Amino acid sequence: MIDKQALLASVVAHLQEKLHILSEAKKMANEEALPDEDTSESQRENRALENQYVVDEQDRVANEYKEAILAYEAMTPRTFGPGERAEVGALVELEMGGERSLYLLGPKAGGLDVPINGSIVCVITPQSPLGQRLIGRNTGDVVVVGGGAHGREARVTALG
């Protein structure tokens with residue numbers, strides 16, 4: 001299995017990179033919002049209002065990244081032993097159709113894909129459909145991945 005301390009550090013690094021990119025985008029948006037001399041007063045007002053919407057959304061996302069970084073930095077990595085059930089902090093390996101996938105049940109930042117040791121670990125939260133299905137599961141359990149007619153069975157092959 002993957003070193004959980006290294007995995008958590010990689011998650012934090014990816015979130016910090018996303019936060020940095022967002023910060024740069026915010027700077028660019030603010031620069032773009034500056035009107036030129038030929039811009040009418042109503043165009044300036046519209047541009048300022050549109051820019052405020054963009055900045056507000058960027059601030060919201062930035063706060064989510066900051067909260068996620070703090071949550072992952074506060075996590076103490078632990079290994080899940082035989083008989084233990086998946087919960088936040090578990091690294092879950094699923095086998096479906098001969099292919100294996102790795103998922104980190106994290107407190108935040110669901111959907112983040114983190115490359116580590118030649119593998120990709122997908123971060124999911126307990127609020128996601130797959131996260132809901134994995135919470136409380138153990139090695140050997142079968143879960144349905146996807147929904148409706150597209151759902152496929154997957155087996156929990158490892159829990160770390």
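Just the heavy atoms: all of them, side chains too, but no hydrogens, waters or symmetry mates, feed the values below. If you read the sequence from its start, that first residue is 1, and numbering goes on from there. Keep in mind that what you see is a predicted model, and the values were worked out from it rather than measured.
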Could you check whether T157 and E93, counting side-chain N and O atoms only, form a donor-acceptor pair closer than 3.5 Å?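 Yes, because at least one side-chain N or O of E93 sits under 3.5 Å from a partner of the opposite role on T157.
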
Specify the closest pair of heavy atoms between L105 and G131, including all atoms of both residues, with the distance to one decimal.
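In this case the closest contact between L105 and G131 is CD2-CA, 4.0 Å.
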
Checklist entry - Is any side-chain heavy atom of V88 closer than 4.5 Å to a side-chain heavy atom of P126? => result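 In short, these two side chains touch, coming nearer than 4.5 Å.
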
Problem - Closest heavy-atom pair and its distance - V92, V156 - result: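 Nearest pair, atom of V92 first, then V156: CG1-CG1, 4.0 Å.
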
Item checked: Residues E87, F80; criterion side chain to side chain contact (heavy atoms under 4.5 Å, CB included); working and verdict -> CA-CA 9 Å; E87 61 184 56; F80 289 73; 3.4 Å; yes

Next item on the list: Nearest 0.5 Å please: distance from the OG atom of S101 over to the CD atom of E95.
Entry: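 S101 atom OG to E95 atom CD measures 9.5 Å (nearest 0.5 Å).
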
Kindly compute the distance separating OH (Y103) from CG (L130), expressed to the nearest 0.5 Å.
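Here the rounded value is 5.5 Å.
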
Quiz item: Partners of R60 by side-chain hydrogen bond (donor to acceptor under 3.5 Å, both in side chains), sequence neighbours excluded?
Solution: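 For R60, the residues satisfying side-chain hydrogen bond (donor to acceptor under 3.5 Å, both in side chains) (neighbours in sequence not counted) are E57, E64.
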
(request) Take V61 and D59 through the test side chain to side chain contact (heavy atoms under 4.5 Å, CB included) and record every step on the way to the result. (result) CA-CA 5 Å; V61 173; D59 286 342; over 6 Å; no

Keeping to residues at least two apart or across chains, list the side chain to side chain donor-acceptor pair (under 3.5 Å) pairs with something in residues 9-19.
->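 Side chain to side chain donor-acceptor pair (under 3.5 Å) check on residues 9-19 returns no pairs.
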
* In plain terms, say whether E84 and R137 are close enough for a salt bridge, that is, a side-chain N and a carboxylate O under 4.0 Å apart. =>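 A salt bridge is absent here (no side-chain N lies under 4.0 Å from a carboxylate O).
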
Check whether Y72 reaches the backbone of E67 with its side chain - one donor and one acceptor, N or O, closer than 3.5 Å.
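Not a single qualifying donor-acceptor pair exists.
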
Q: Carefully, step by step, assess L19 and K66 under the rule side chain to side chain contact (heavy atoms under 4.5 Å, CB included).
A: CA-CA 8 Å; L19 186 59; K66 289 173 186 175; 3.9 Å; yes

Closest approach of D141 and R85, non-hydrogen atoms and distance?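 Closest approach of D141 to R85: OD2-NH1, 3.8 Å.
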
Side chains of L91 and L159: closer than 4.5 Å at any heavy-atom pair?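 Of all side-chain heavy-atom pairs linking L159 with L91, none is under 4.5 Å.
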
Got more than 12 heavy atoms from elsewhere within 6.0 Å of CD, E99?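 At most 12 heavy atoms, drawn from other residues, nucleotides or ligands, come within 6.0 Å of this atom.
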
Flag, side chain of D56 to backbone of Y53, donor-acceptor distance under 3.5 Å:
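It does not hold such a pair.
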
Do any N or O atoms from the side chain of N117 and from the backbone of S119 form a donor-acceptor pair under 3.5 angstrom?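 Side chain of N117 to backbone of S119: no pair is present.
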
Which atom of V145 lies closest to which atom of A154, heavy atoms considered:
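Where V145 meets A154 most closely, the heavy atoms are CG2-CB, 3.7 Å.
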
**Report entry** Approximate separation, where rounding is to 0.5 Å, of I120 CD1 and L112 CG
**Finding:**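 Reported to 0.5 Å precision, the distance equals 10.0 Å.
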
Treating K4 as the side-chain partner and G160 as the backbone partner, does any N or O pair qualify as donor plus acceptor under 3.5 Å?
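Yes, K4 side chain to G160 backbone: donor-acceptor pair under 3.5 Å.
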
Distance (rounded to the nearest 0.5 Å) between L8 CG and T76 OG1: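 The OG1 atom of T76 is 9.0 Å from CG of L8, to the nearest 0.5 Å.
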
Practice item. Looking only at non-hydrogen atoms, find the nearest pair between L15 and A109 and report the distance. Key: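 Answer, listing the atom of L15 first, then A109: CD2-CB, 3.8 Å.
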
**Study point:** Rounded distance [0.5 Å steps], NZ in K26 versus CD in Q58
**Key:**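 Atom-to-atom, K26:NZ and Q58:CD are 7.0 Å apart.
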
Note to self: Any non-hydrogen side-chain atom of L134 less than 4.5 Å from a side-chain atom of V143?
What the structure shows: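 Counting from C-beta outward, L134 and V143 do come under 4.5 Å.
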
Apply side chain to side chain contact (heavy atoms under 4.5 Å, CB included) to E73 and V12, showing your working. CA-CA 7 Å; E73 287 177 337; V12 168; 3.9 Å; yes

Worksheet item: If you look only at pairs with a residue in residues 124-135, which of them pass as a side chain to side chain donor-acceptor pair (under 3.5 Å), with sequence neighbours excluded?
Response: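 Counting only pairs at least two positions apart or across chains, the side chain to side chain donor-acceptor pair (under 3.5 Å) contacts touching residues 124-135 are T125-Q127.
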
How many angstroms lie between NZ in K108 and CD1 in I69, if you round to the nearest 0.5 Å?
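It comes to 12.0 Å.
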
Nearest heavy atoms of M75 and P107, plus distance in Å
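For M75 and P107, the tightest heavy-atom pair comes out as SD-CD, 3.6 Å.
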
